[in-house]
Structure formats: C-alpha cells, structure tokens
Protein chains: 2
Amino acid sequence: MFSKSCKYAIRAVLHIAAHTGGEKKIGAKEIAEALEVPKSFLAKLLQQLARHHLISSSKGAGGGFYLAPENQEVSLEDVIRCIDGEDLFTSCALGLPVCSSDKPCPLHCHTLAFRQSIEQMRSIPALAREIKEN
Amino acid sequence: MFSKSCKYAIRAVLHIAAHTGGEKKIGAKEIAEALEVPKSFLAKLLQQLARHHLISSSKGAGGGFYLAPENQEVSLEDVIRCIDGEDLFTSCALGLPVCSSDKPCPLHCHTLAFRQSIEQMRSIPALAREIKEN
DNA sequence: AGATAAAAGGATATCTTTGTCTTATTTTTA
DNA sequence: TAAAAATAAGACAAAGATATCCTTTTATCT
C-alpha cells in the first residue's frame with residue numbers, strides 16, 4: 001500500500017500538526033521517539049517534506065519542524081505524492097500499461113474508489129484535530 | 001499497493017484462467033512472453049501458487065499450468081495473501097500497532113472499504129470471463 | 001530405452017528500500 | 001565570541017525485492 005517511508009512521513013506530519021502551533025516547534029528527535037521510528041531515517045523524510053514546502057523547519061537551538069500558515073492546507077495526498085510518488089494515483093494496480101474505464105483491469109474501479117476517497121480527505125491539520133477529539 | 005511479484009502473479013493467474021480449460025495447459029514460458037515479465041521469476045511465483053494449491057501444474061512434455069476443478073473458486077484475495085502475505089487485509093495502513101474501529105487511524109475506514117471491495121470480488125475464472133466479454 | 005519438454009529447486013547477482021553514522025551549516029544563548 | 005542545539009547533507013551498511021542462471025526431477029513422445 002504505502003512504503004514504510006510514507007507511513008513514517010504521514011504519522012510524523014500528523015504528529016507535527018497535533019503538537020505544534022503558534023511559535024511552538026518540535027524536533028526530529030522528539031518526533032522519532034514519540035513514533036518509535038529510526039531518528040536519522042525520519043530526519044531525511046522530514047527534510048524532503050520541508051524541501052517541498054509541505055512542512056516548515058528552522059535550524060539551530062530551539063528550532064524544529066512546524067506547520068506555517070502556508071502549510072495549513074497540506075493534504076495526505078500531498079505527503080503521499082512527495083514520498084512515494086504519484087503511482088498510487090495514476091498507475092494501474094496490476095502494472096498494466098493500458099488500464100482505463102474503457103479497458104479496465106479487474107481492479108480498476110476498486111482502486112479508483114480508494115484513490116478518490118484519499119483525495120477527498122481533509123487537510124492534515126483538520127485530520128489532526130479529529131484525532132484529538134477522540 | 002501490491003508488490004511487483006503480486007502483480008505478476010495476479011496477471012498470470014488471470015491469463016491461465018483465460019487460456020486454459022479442459023485438457024489444455026499453458027507453460028511458464030508462454031505466460032511470461034504474453035505478459036512480458038521475466039520468465040524465471042514468474043516461474044517461481046507460479047510454483048508458489050501451485051504449492052499452495054491455488055493453481056495446478058503438471059511436469060514433463062505437454063505439461064504446464066492450469067486450473068483444476070478444485071481451483072475454480074480461487075479468488076484474487078487468495079493470490080494476494082499467497083504472494084504478499086495478509087498485511088493488506090489485516091494491518092493498519094500507517095503501520096500503527098493499534099488501529100481499530102474503536103481507535104481508528106485517519107485512513108482506517110478508507111482501507112477497510114478497499115479491503116472489503118477486494119474480498120467481495122468474484123472468483124478468478126469469473127473475472128477472466130468478464131474480461132473476455134469486453 | 002533415449003531424447004525431449006517442462007516444472008521444481010537452488011545458488012547467485014543486482015537493485016531498491018531501509019537504516020546508521022559522521023560531518024557541515026545555521027541559529028540561539030550564555 | 002564561544003558553546004550548544006538543531007536541521008541539512010553525504011557516505012555507507014544491512015536487508016529485502018527483483019532478476020538470472022544452472023541443475024534436478026518428472027512426464028511424454030519417438
């Protein structure tokens with residue numbers, strides 16, 4: 001479904017959304033410990049997300065990762081595309097070169113439905129709020 | 001979503017269902033050429049499927065792979081479980097140790113729906129017939 | 001019986017993903 | 001200004017997935 005990298009990244013972004021705000025930031029180390037994932041590995045994923053402007057970061061003492069105003073509309077789809085590429089959203093689940101509604105593979109409509117259900121999800125901050133409410 | 005192995009296996013099984021029947025069998029070489037996938041690699045996948053009784057095989061000249069009567073109810077789910085394991089059907093899409101309807105991850109209901117839509121698909125032979133009708 | 005055709009199985013090679021370690025760069029703080 | 005804290009970046013290691021090759025076993029056909 002998703003690569004391990006992508007799972008880590010999604011969880012990390014949700015954690016950032018839930019645990020930062022205003023001036024508050026959170027370090028890669030702290031995130032890694034909370035999620036119980038390898039720190040250096042996660043750090044690279046966070047760098048990648050930051051380079052693509054899905055999250056924000058600041059260096060130096062007191063620095064860390066956070067969601068700036070321009071990150072508030074970032075979606076799960078954005079994170080997935082950034083880490084795993086667009087395959088999940090574009091290519092056939094069976095790897096067929098041609099697979100469309102005209103000439104669908106047996107899984108075509110199932111994967112399309114899944115795809116769309118992910119595309120329609122709310123923003124990362126909104127998802128983080130939903131989790132907190134439970 | 002699926003590993004390359006699993007994609008090959010699914011396509012191969014559908015090809016077998018579509019191109020064999022009665023006494024007719026099909027060799028690994030012929031399947032590999034039709035699907036344009038590496039022959040030796042596919043052969044191992046077919047062996048694995050045969051060991052688990054999802055497909056049948058016979059050795060020697062004129063041998064090959066086919067669907068015996070006891071393979072007629074084999075499903076896509078069976079093939080996926082055989083090659084990729086049961087992760088797709090059991091574990092959380094984000095890799096969380098606990099993720100249930102009580103304490104769902106943000107993707108829980110979406111993956112559940114996808115899972116179920118795969119579980120409800122018809123047998124491999126039935127899917128192969130549907131393809132032929134198009 | 002011998003030749004041939006095909007699956008079964010094992011060993012090995014290559015590539016990708018995942019994980020670790022070290023150094024550089026930037027920022028804050030004392 | 002020096003030390004400390006944090007991200008950024010690069011090299012490398014380990015594990016897993018993918019791919020290839022070779023030998024063995026089994027069945028068929030002449």
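Proteins get letters first, then strands, A, B, ... in listed order; numbering begins at 1 in each. Just so it is clear, the model here is predicted, and its values are computed rather than measured.
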Among [options], the nucleotide that comes nearest once only the side chain of [X] is considered:
| X | options | value |
| --- | --- | --- |
| K44(B) | dT28(C), dA7(C), dT20(D) | dT20(D) |
| F41(A) | dT20(C), dT27(C), dA5(C) | dT20(C) |
| Q47(A) | dA8(D), dT18(C), dT20(C) | dA8(D) |

Could you state the [atom1]-[atom2] distance from [X] to [N], rounded to the nearest angstrom?
| X | N | atom1 | atom2 | value |
| --- | --- | --- | --- | --- |
| I31(B) | dA7(C) | CD1 | C1' | 11 Å |
| F65(B) | dT26(D) | CZ | C1' | 13 Å |
| E33(B) | dA6(C) | CD | P | 11 Å |
| Q48(A) | dT17(C) | CD | P | 12 Å |
| E30(A) | dA6(D) | CD | P | 9 Å |
| K4(B) | dT14(C) | NZ | C1' | 12 Å |
| K59(A) | dT23(C) | NZ | C1' | 12 Å |
| I83(A) | dT18(C) | CD1 | C1' | 13 Å |

### Task
May I ask you to say whether E33(B) pairs ionically with K39(B), meaning some side-chain N is under 4.0 Å from a carboxylate O?
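No, this pair does not count.
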### Query
Should the pair R115(B)-E119(B) be classified as a salt bridge under the 4.0 Å nitrogen-to-oxygen rule?
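Not counted as a salt bridge, because no side-chain N and carboxylate O are separated by less than 4.0 Å.
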Less than 4.0 angstrom between a side-chain N/O of [X] and OP1 or OP2 of [N], yes or no?
| X | N | answer |
| --- | --- | --- |
| S5(B) | dT18(D) | yes |
| R51(A) | dA9(D) | yes |
| Y8(A) | dG19(C) | yes |
| S58(B) | dA27(D) | no |

### Query
Given the rule that I, L, V, M, F, W and Y join up when any side-chain heavy atoms are under 4.5 Å apart, are I124(A) and L94(B) in one cluster?
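Same hydrophobic cluster.
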### Task
Find out whether the Lys NZ or Arg CZ of K7(A) is both under 6.0 angstrom from the six-membered ring centre of F2(A) and within 45° of the ring's axis.
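Judged by the rule (NZ or CZ under 6.0 Å from the ring centre, within 45° of its axis), K7(A) is not positioned above F2(A).
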### Message
Using heavy-atom distances to pick each residue's nearest nucleotide on DNA chain D, tell me which of F2(B) and A43(A) is more 5'.
### Response
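Whichever sits nearer the 5' end wins; that is A43(A).
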### Message
With nearest nucleotide decided by heavy atoms, which residue, K39(A) or A28(B), maps closer to the 5′ end of DNA chain C?
### Response
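Taking each residue's closest nucleotide, the earlier one in sequence belongs to A28(B).
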#### Entry: Atom pair NE2/CG of H108(A) and D102(A) - distance to nearest 0.5 Å
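Spacing of NE2 (H108(A)) from CG (D102(A)) equals 9.0 Å.
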### Query
NA contact type, S40(B), heavy-atom cut-off 4.0 Å: base, sugar-phosphate, or nothing?
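The answer is base, as S40(B) lies within the cut-off (heavy atoms under 4.0 Å) of a base atom.
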